[in-house]
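The structure appears right after this line, and notes come after that.
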Amino acid sequence: MDLRSGLLILSCLIGLTCAVPVKFADCGSTVGKVTIVDITPCTTQPCPLHKGQSYTVNVTFNSDVVSQSSKAVVHGIIAGLPVPFPIPIEDGCESGIQCPIQKQATYHYITTLPVKTEYPTMRLVVKWELQDDHTDDFFCIKFPVSIVS
């Protein structure tokens with residue numbers, strides 16, 4: 001076991017919130033590159049999202065362009081069809097990113113993902129995009145989740 005794994009296990013044992021980097025697929029990032037995705041709390045994959053709870057999503061990415069703004073667009077892919085998934089704050093500049101976004105800089109997009117109690121219990125793929133001034137994607141990622149009771 002390496003030091004990083006040992007520290008993660010120790011943190012879990014002493015009751016701190018645990019998260020493991022989420023395995024994701026790039027689905028067309030055109031003006032940026034994702035380096036890591038974390039969902040807290042999420043200790044297994046696909047992440048079990050419990051109805052009535054909120055999760056913190058943290059995406060670290062590098063920008064290839066300058067942009068005055070950024071906008072998040074989230075969909076749940078259900079039976080191959082994208083279904084809009086509302087999030088409380090679409091403005092990336094209000095989600096941990098200092099705007100204007102600069103070229104060749106690293107950013108931490110941090111937001112909350114609420115899971116409503118009326119959502120059906122199911123497995124699905126989340127498609128999360130953060131777009132620049134021209135609706136090009138700083139990042140477009142897909143990752144599996146499971147909505148549970």
Side-chain angles (χ1 to χ4, degrees), residues 4-5 7-65 67-101 106-149:
R4 185 173 178 195
S5 297
L7 290 175
L8 178 62
I9 291 168
L10 180 61
S11 296
C12 291
L13 291 175
I14 61 174
L16 299 175
T17 302
C18 296
V20 294
V22 173
K23 294 178 183 169
F24 65 91
D26 188 289
C27 55
S29 302
T30 56
V31 294
K33 179 177 169 67
V34 174
T35 56
I36 194 164
V37 177
D38 284 315
I39 300 174
T40 305
C42 176
T43 57
T44 61
Q45 293 183 39
C47 286
L49 304 179
H50 294 269
K51 296 177 188 181
Q53 293 187 13
S54 290
Y55 295 82
T56 300
V57 177
N58 183 346
V59 180
T60 302
F61 71 98
N62 299 314
S63 172
D64 293 336
V65 297
S67 182
Q68 298 302 312
S69 65
S70 62
K71 179 183 176 186
V73 179
V74 183
H75 290 86
I77 309 296
I78 302 168
L81 300 173
V83 177
F85 198 95
I87 56 173
I89 301 173
E90 293 180 347
D91 187 347
C93 300
E94 295 179 16
S95 299
I97 297 174
Q98 184 175 354
C99 291
I101 294 169
T106 299
Y107 293 93
H108 300 279
Y109 167 78
I110 303 169
T111 194
T112 301
L113 175 64
V115 181
K116 297 181 180 179
T117 55
E118 59 266 21
Y119 289 163
T121 299
M122 65 180 347
R123 286 182 172 230
L124 67 143
V125 172
V126 174
K127 178 181 178 184
W128 205 301
E129 298 167 89
L130 186 67
Q131 299 175 335
D132 73 356
D133 293 334
H134 306 288
T135 67
D136 293 322
D137 288 334
F138 286 114
F139 63 79
C140 178
I141 55 174
K142 288 183 180 179
F143 53 91
V145 298
S146 180
I147 298 177
V148 298
S149 296

State which residues pass ring-ring contact (aromatic ring centres under 6.0 Å, His included) with F61; sequence neighbours excluded, sorted by chain then number.
->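 By the ring-ring contact (aromatic ring centres under 6.0 Å, His included) rule, F61 matches Y107, F138, F139.
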Does any pair with a residue in residues 27-37 pass side chain to side chain donor-acceptor pair (under 3.5 Å), and if so which ones, sequence neighbours excluded?
->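 Found D26-S29.
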Hey, are the side chains of [X] and [Y] touching, using non-hydrogen atoms and a 4.5 Å cut-off?
X	Y	result
P41	Y55	yes
S70	I101	yes
I141	F143	yes
V37	N58	no
T60	H108	yes

Between K51 and T121, is a side-chain contact (heavy atoms from CB on, under 4.5 Å) present by the stated rule, with each step listed?
-> CA-CA 8 Å; K51 296 177 188 181; T121 299; 2.9 Å; yes
Take atom CD of E118 as the centre, draw a 6.0 Å sphere, and report whether it contains more than 12 heavy atoms from other residues, nucleotides or ligands.
->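 Yes, the 6.0 Å shell around CD holds more than 12 heavy atoms from other groups.
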Using side chain to side chain donor-acceptor pair (under 3.5 Å) as the criterion, list what pairs up with D137, not counting sequence neighbours.
->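 Listed in chain order: nothing, the list is empty.
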Considering only distance and modelled atom types, tabulate donor-acceptor pairs under 3.5 Å from the side chains of residues 122-135, sequence neighbours left out.
residue, atom, partner, partner atom, Å
W128, NE1, Y109, OH, 3.3
D132, OD1, H134, N, 2.8
D132, OD1, T135, N, 3.2
D132, OD1, D136, N, 2.8
D133, OD1, S67, OG, 3.1
D133, OD1, Q68, N, 3.4
D133, OD1, S69, N, 2.9
D133, OD1, S69, OG, 2.5
D133, OD2, S67, OG, 3.3
D133, OD2, Q68, N, 2.7

Derivation of the side-chain contact (heavy atoms from CB on, under 4.5 Å) call for L49 and L113 = CA-CA 9 Å; L49 304 179; L113 175 64; 4.1 Å; yes
Output every pair passing ring-ring contact (aromatic ring centres under 6.0 Å, His included) with a member in residues 25-52, not counting sequence neighbours, ordered by first then second residue.
->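 Non-adjacent pairs meeting ring-ring contact (aromatic ring centres under 6.0 Å, His included): zero.
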Could you list the donor-acceptor pairs under 3.5 angstrom formed by side chains in residues 85-96, with sequence neighbours left out?
residue, atom, partner, partner atom, Å
D91, OD1, C93, N, 2.8
S95, OG, D91, O, 3.2

P46 to P144 - nearest heavy-atom pair and separation |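 Answer, listing the atom of P46 first, then P144: CB-O, 3.5 Å.
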Step by step, would you call I39 with T56 a side-chain contact (heavy atoms from CB on, under 4.5 Å)?
-> CA-CA 6 Å; I39 300 174; T56 300; over 6 Å; no
Verify, without hydrogens or angle tests, whether Q45 (side chain) and P21 (backbone) share a donor-acceptor contact under 3.5 angstrom.
->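 Checking the backbone N and O of P21 against the side chain of Q45, a donor-acceptor pair under 3.5 Å is found.
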